[in-house]
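Have a look at the structure below before the remarks.
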Amino acid sequence: MNQIRWLVQVWLVLILFVGAVPALSAETVSSDNQLVLKKNSKSMTFNGGKALQAAQPLTVKNGSSYAALNGLAGPFGYKLSYAAATKESIASNGTIELRFKPGSRTIILNGSPVEGPGPTFILKGSLMVPLRMWANLTGSKISVKGTDTVITWKGAPKADFTVQPDVIYAGQTVVTYLVDGAPSVMDPSNENEVWEGRQDVFLESGPHTVTRRVKNEYGSWSEPYSVTIDVQMPNQPPVADFMADKPVYRIGEPVLLTDTSTDDRSSIKSSKWSGSVPTGFKPGVKPLAYFEPGNYSVTLEVQDEEGLTNSVSKTIAVTSEVLYTQEEFDLLFMPAGEKYAMDGSEVLHYPTVTYESVNDPAQLVNSNSPERWVTTGLAYRSQLTGKARFLFYNENATGYRVKMHLIATNTSGLSAKVGVGAWGQGGPDKISVNSGKMAAVRYLDAVNRNTPVTYTTLAAGESTILLPELSNVPIKQGEVYSAYADIVSDKEITYRIVVLWDTEDPKALFGALDSIQPMPRDTDANGKNLHVRGTFFYADRHIEISETQLGQSAERIVLGDSKVDKLLDGIDEMTGNLEYNHGNFGVLYRMRINVAPNTLIGLNARGGEYTGAFIVNGGLVQVTNTSILKNPNETVVLYRTGVTSETVDIVFTIASASNTPINIVFLPMPERRA
């Protein structure tokens, strides 16, 4: 009867001081703790592996199990103290306080008495307490397994949380607090959860610390968990600004503008100049000058990474005094790779430079017919040994997506090595000059970098796909593709240029390569070939000039005209017919020339649109940096000599989709004036 009364008292006190036991939630779940005590032994095991030693063994007295208080308190997280005045041993975890007095069955729980089943007692200096009573008072469970008594209880709850989004702006961002991955709704009563510093929207920038504590169903509070949030100022628009190097300019005087725009996050994404400036003007890239007196308005607009913009306009004053004419200014200040307008008819009056061509025994495969594919099949086949340059330039007119493949087959009867060196591709692109330009730019860049050859070994009769990059992207209807590639072999190799549906596997054809249907050439109504297809020899051309110094007066070198610059001849290996490489596309030109001081070297296109690139003294110059030469009234700057004569090396190939002939011009520059 006394034991029943004691259990009722314990339950009532637990309800009073701990509160009604709530259902477990995701926010307060904590891991179980376990303490294993062995009968008549001081040994204990905590949480599955940690060995502990009690002051006294687990003891049975009057039918009840007793354990030493100092053995239980530690694993449970209780601190022990002693009240000498009342002779009480005190166990406390910050939420629950238990007071024990030797020889008494009354335990003081948070100030209220609770009757236990039996009195505590002292064993060899240690206070022994009823194990069942301890379990009830601390919300634990007891189970017996053989000679082991197992006590389990909930550990301290965990209060961790995360914050979203990653970047938070003051006065703008709504903050989401996540507990166990789900948005948290704050408990307004603060009974089971307490937040400090939590705000849905932080109004001030800077570091903000948010702290959370939670209580589990046994009344145990977690350790505080804190997250420091770096709240940023709201993004501000950039501040556009620029400065000129002078307050007033003369006609033809270079105007130096410096962009001094700022942004609160240093994240200016783009700058756009407008007003009285050339299209696409950028300080330091395209020069600026004015050739009429007056006041000119220039506007700079800047945009930051988040799309906010700001602009500023300023006026540039120009007097009537002349420093340079337009022609003089362009000759002196137009950067390499940029073009300037001029009277193209004057170029024809420049004396032509006499030169000799020395042709090296290099091989060239030019696959340009059919220029427009109308079906799939074999575009070209060639048997070669040694070094060869391949030029591809074609448009897809099949009506479906295709891919081009270069298949190499070892037909020598012996093991062979075949390698790929410098190469470059352009397209697929709807605009033909874009593909032609980028193929020339990338190929010449690879030549300039001395790209090493990568070899593949082929057994006799074995085939492989060379340059698999050619088929990385399908060529769609109406798109143009161009490429250059330097290929070398030590034995005879049969090369096949094959066009297939984009879903076809070219390796599936390796057993029947000779059965691939050839594509017909482009011809007119009279059967005359319209485009180039064939294998050509002596495709590396060195230009030798006897003149000691070019540029002492205006003069020009004529290229790609088929008269001064003779056409390569070769053979169409598909038909056996003689072939001429009209325009000398794919030929690699090299020239070393002596140039007078203060000379501009430029390129003037005589046949119409022209693009591509040149290597000049080891630097790659595009034609042009942002556009093309559209007609003979435009010249692109390739190079300028300094105050002394120079030896200038030029390497180039005539770009596909461009028109010939072209003229390299040498023009004396005017004297610089202060």
For R449 and A422, indicate whether the former's side chain and the latter's backbone hold a donor-acceptor pair under 3.5 Å. no
Crowded around E327 CD? As in, over 12 foreign heavy atoms under 6.0 Å? no
Under 3.5 Å, is there a donor-acceptor pair between the side chain of T660 and the main chain of I662? no
Counting only heavy atoms from other residues, nucleotides and ligands, does the tally under 6.0 Å from NZ of K286 exceed 12? yes
Side chain to side chain contact (heavy atoms under 4.5 Å, CB included) with Y380: of M519, R496, R521, E573, only one passes, and it is E573
Look at the side chain of S367 and the backbone N and O of F392, then say whether any donor-acceptor pair between them is shorter than 3.5 Å. no
R556 and side chain to side chain contact (heavy atoms under 4.5 Å, CB included): which single residue from L667, N663, N604, L550 fits? N663
Please indicate whether K430 has more than 12 foreign heavy atoms, meaning atoms of other residues, nucleotides or ligands, lying under 6.0 Å from its NZ. yes
Are there over 12 heavy-atom neighbours, none belonging to K282, within less than 6.0 Å of that residue's NZ? no
Tell me, with the steps shown, if Y400 and T376 meet side chain to side chain contact (heavy atoms under 4.5 Å, CB included). CA-CA 10 Å; Y400 42 85; T376 57; 3.7 Å; yes
Is the side chain of K437 donor-acceptor paired with the backbone N or O of A655 at a distance under 3.5 Å, no angle test? no
Going by atom types alone, do E469 and N472 pair a side-chain donor with an acceptor below 3.5 Å? no
So with a 6.0 Å cut-off around OH of Y538, is the heavy-atom count from everything else above 12? no
So if I apply the side chain to side chain contact (heavy atoms under 4.5 Å, CB included) rule between L308 and each of V302, N235, D263, which one comes out positive? N235
May I ask you to decide whether R606 forms a salt bridge with D561, counting only side-chain N to carboxylate O separations under 4.0 Å? no
Minimum heavy-atom distance K630-E634, with the two atoms named: N-OE1, 2.8 Å
If you draw a 6.0 Å radius around CZ in R265, do more than 12 non-hydrogen atoms from other residues or ligands fall strictly inside? yes
Are the side chain of N368 and the backbone N or O of Y393 linked by a donor-acceptor pair below 3.5 Å? yes
Pairing donors with acceptors under 3.5 angstrom, does anything connect the side chains of T464 and T456? no
Counting distance only, does the side-chain N/O of E479 pair as donor-acceptor with the main-chain N or O of K476 below 3.5 Å? yes
Side chain D572, main chain G534, donor-acceptor under 3.5 Å: no
Can a side-chain donor-acceptor contact be found between Y443 and D486 if the only test is distance below 3.5 angstrom? yes
Apply salt bridge (charged side-chain N to carboxylate O under 4.0 Å, His left out) to D522 and R533, showing your working. CA-CA 10 Å; D522 295 333; R533 184 180 79 180; over 6 Å; no
Enclosure of Y580 OH (heavy-atom neighbours >12, cutoff 6.0 Å): no
I'd like to know whether K387 forms a salt bridge (charged side-chain N to carboxylate O under 4.0 Å, His left out) with D540, so could you lay out the CA-CA distance, the side-chain angles of the two residues, the decisive distance to 0.1 Å, and finally the verdict. CA-CA 11 Å; K387 295 181 179 180; D540 282 1; over 6 Å; no
Keeping the roles fixed (side chain from T352, backbone from I557), state whether a donor-acceptor pair exists under 3.5 Å. no
Treating N617 as the side-chain partner and D649 as the backbone partner, does any N or O pair qualify as donor plus acceptor under 3.5 Å? yes
Check whether S435 reaches the backbone of D429 with its side chain - one donor and one acceptor, N or O, closer than 3.5 Å. no
Are R372 and E395 ion-paired here, with the side-chain N under 4.0 Å from a carboxylate O? yes
How far apart are the closest heavy atoms of E492 and N410, and which atoms are they? O-OD1, 3.7 Å
Could you tell me whether the side chains of N529 and T523 share a donor-acceptor contact shorter than 3.5 Å? no
is_close_aromatic(Y324, F333), centroid dist under 6.0 Å: yes
Can you check salt bridge (charged side-chain N to carboxylate O under 4.0 Å, His left out) on D502 and K403, steps first, answer last? CA-CA 5 Å; D502 68 321; K403 289 183 177 180; 5.9 Å; no
